[in-house]
Amino acid sequence: MTPPTAGRIRHPRAQHQFLGRTCSITGVGSYVPARVLTNADLEKMVETTDQWITTRTGIKERRLAADNEFTSDMATEAARRALQNAGVPAEAVDLIIVCTITPDMPFPATACLVQARIGARRAAAFDLEAACSGFLYGLEVGQQFVTSRTCDTVLVIGAEKLSSIIDWTDRNTCVLFGDGAGAVVLQHRPHSHGLLTTVMGADGSRADALCMPGGGSRCPATAQSVAARLHYLRMDGRETFKNAVTAMHKAAQAALDRCGLRVEDLSCIIPHQANRRIIDAVAERLGARPDQVFVNLDRYGNTSAASVVIALDEAVQAGRIRKGDLVMLVAFGAGLTWAAAIVEW
């Protein structure tokens with residue numbers, strides 16, 4: 001996909017020439033539940049150890065939503081924090097996109113529930129599903145509404161209650177995932193390139209590598225489907241790992257090439273927080289320095305569509321990203337799907 005500015009720009013810090021309306025992230029916020037589930041806690045639940053989990057994933061703990069806390073609740077809090085950070089009232093929001101694979105219910109869209117909760121009465125609202133790549137897909141979709149002048153203010157949220165679809169008897173998957181939400185406000189900001197480019201891809205031929213078989217029209221809920229545990233996430237770890245490294249690297253490199261950038265030009269790289277070995281492998285293939293890569297995987301595990309945006313918010317709060325910095329976001333998820341984006345902060 002071509003960047004929303006001058007096409008294949010040589011270097012975004014060169015002479016600024018804006019041939020159209022650009023789209024910038026003007027606010028960011030995140031929320032994680034209070035409950036912490038440590039590796040030591042998991043040792044009491046399934047046959048595993050802290051050493052096994054840490055060595056293979058890099059995860060030490062993850063957050064779990066309360067029984068009465070749902071995806072819409074977490075999305076709402078992240079949205080409020082992003083709007084406050086941007087200094088934008090909810091009444092000014094034109095569109096809400098919630099990226100999730102764990103909506104409160106199949107319909108209505110979780111985005112509609114958020115719209116009501118935050119009081120964004122003017123906003124249209126819909127959900128987007130691309131699993132762990134969802135937020136970056138949503139970022140690209142949202143910026144299209146801004147650059148086309150259809151909307152002035154778009155709220156893009158990644159939110160997941162993965163604990164609701166995890167098989168807590170499966171030691172290969174239950175150690176990986178956590179709950180949380182993050183949100184950004186998208187607007188045109190004069191004299192800024194904002195979102196420079198987004199590269200997206202998918203390979204449906206490998207859909208079975210990471211899926212939840214039950215719950216849709218193919219396999220609606222029955223006593224038999226529940227007994228067969230078809231309503232829980234299933235993953236082929238080896239296949240997922242192999243495809244994640246390759247796809248994230250290729251997408252990230254393609255994004256750099258489109259903008260005429262080198263990895264050294266980036267101030268911060270925020271990869272999907274799924275597995276430390278995946279993150280390290282992608283960084284190595286890109287030739288990135290360790291200090292360029294932001295990681296919070298050890299504290300939250302894989303929060304799917306919320307992963308990249310929670311990390312983005314924390315990186316901003318930690319002073320790792322400042323105005324004018326070039327930031328890369330890159331993700332991989334079920335579908336199989338993948339995406340990479342470069343943003344001028």
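Count residues from 1 along the sequence.
Side-chain contact between Met74 and Pro33 is present, with heavy atoms from C-beta onward closer than 4.5 Å. A 4.5 Å side-chain heavy-atom check between Trp338 and Asn243 finds every atom pair outside the cut-off. Taking 4.5 Å as the limit, every side-chain heavy atom of Leu195 sits out of range of all side-chain heavy atoms of Ile25. For the pair Arg35/Arg63, no side-chain contact is recorded, criterion being any heavy-atom separation below 4.5 Å from C-beta on. Between Leu136 and Ser133 the shortest side-chain heavy-atom distance does not fall below 4.5 Å. For the pair Thr54/Ile59, no side-chain contact is recorded, criterion being any heavy-atom separation below 4.5 Å from C-beta on. Counting heavy atoms from C-beta on, the side chains of Glu129 and Cys99 never come closer than 4.5 Å. The side-chain heavy atoms of Asn39 and Glu61, taken from C-beta on, include no pair separated by under 4.5 Å.
Between Glu314 and Arg299 there is a salt bridge, with a side-chain nitrogen of the basic residue lying less than 4.0 Å from a carboxylate oxygen of the acidic one. Note on Arg234 versus Asp208: no salt bridge recorded, every NZ/NE/NH1/NH2 to OD/OE distance being 4.0 Å or above.
Residues forming a side chain to side chain contact (heavy atoms under 4.5 Å, CB included) with Ser307 (at least two apart in sequence, or on another chain): His272, Gln273, Thr303. Residues passing the side chain to side chain donor-acceptor pair (under 3.5 Å) test with Arg262: none are found, sequence neighbours excluded.
Linking ILVMFWY side-chain heavy atoms closer than 4.5 Å, directly or via other members, places Tyr300 and Val316 in two distinct hydrophobic clusters. Residues Phe126 and Met200 share a single hydrophobic cluster, defined by chaining ILVMFWY side chains whose heavy atoms lie under 4.5 Å apart. The hydrophobic cluster containing Ile270 does not contain Ile157, counting ILVMFWY residues as joined when their side-chain heavy atoms lie under 4.5 angstrom apart, directly or transitively. Cluster membership for Ile310 and Ile278, using ILVMFWY side-chain heavy atoms within less than 4.5 angstrom, is not shared.
For the residue pair Asp41 / Thr38, a side-chain donor-acceptor distance below 3.5 Å is found, with atom types taken as modelled.
For Lys161 against Ala66, the heavy-atom pair with the smallest separation is NZ-O, 3.2 Å.
In this structure, the side chain of Gln115 engages the main chain of Ala120 through a donor-acceptor pair within 3.5 Å.
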Report task. Decide yes or no on side-chain contact (heavy atoms from CB on, under 4.5 Å) for Gln253 and Leu256, but give the supporting numbers first. Result -> CA-CA 5 Å; Gln253 190 59 58; Leu256 289 169; 4.2 Å; yes
Report task. Give the intermediate values and the outcome of side-chain contact (heavy atoms from CB on, under 4.5 Å) for residues Ile101 and Glu160. Result -> CA-CA 7 Å; Ile101 57 170; Glu160 302 285 11; 3.4 Å; yes
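Met212 CE to Thr102 OG1: the interatomic distance, rounded to the nearest 0.5 Å, is 9.5 Å. Here the straight-line distance linking atom CG of Leu155 with atom CD1 of Ile118 works out to 5.5 Å at 0.5 Å rounding.
Geometric assessment of Arg62 against the ring of Phe177 yields a negative cation-pi assignment under the 6.0 Å and 45° thresholds.
For Gln51, the CD atom is loosely surrounded, since the number of other residues' heavy atoms within 6.0 Å does not exceed 12.
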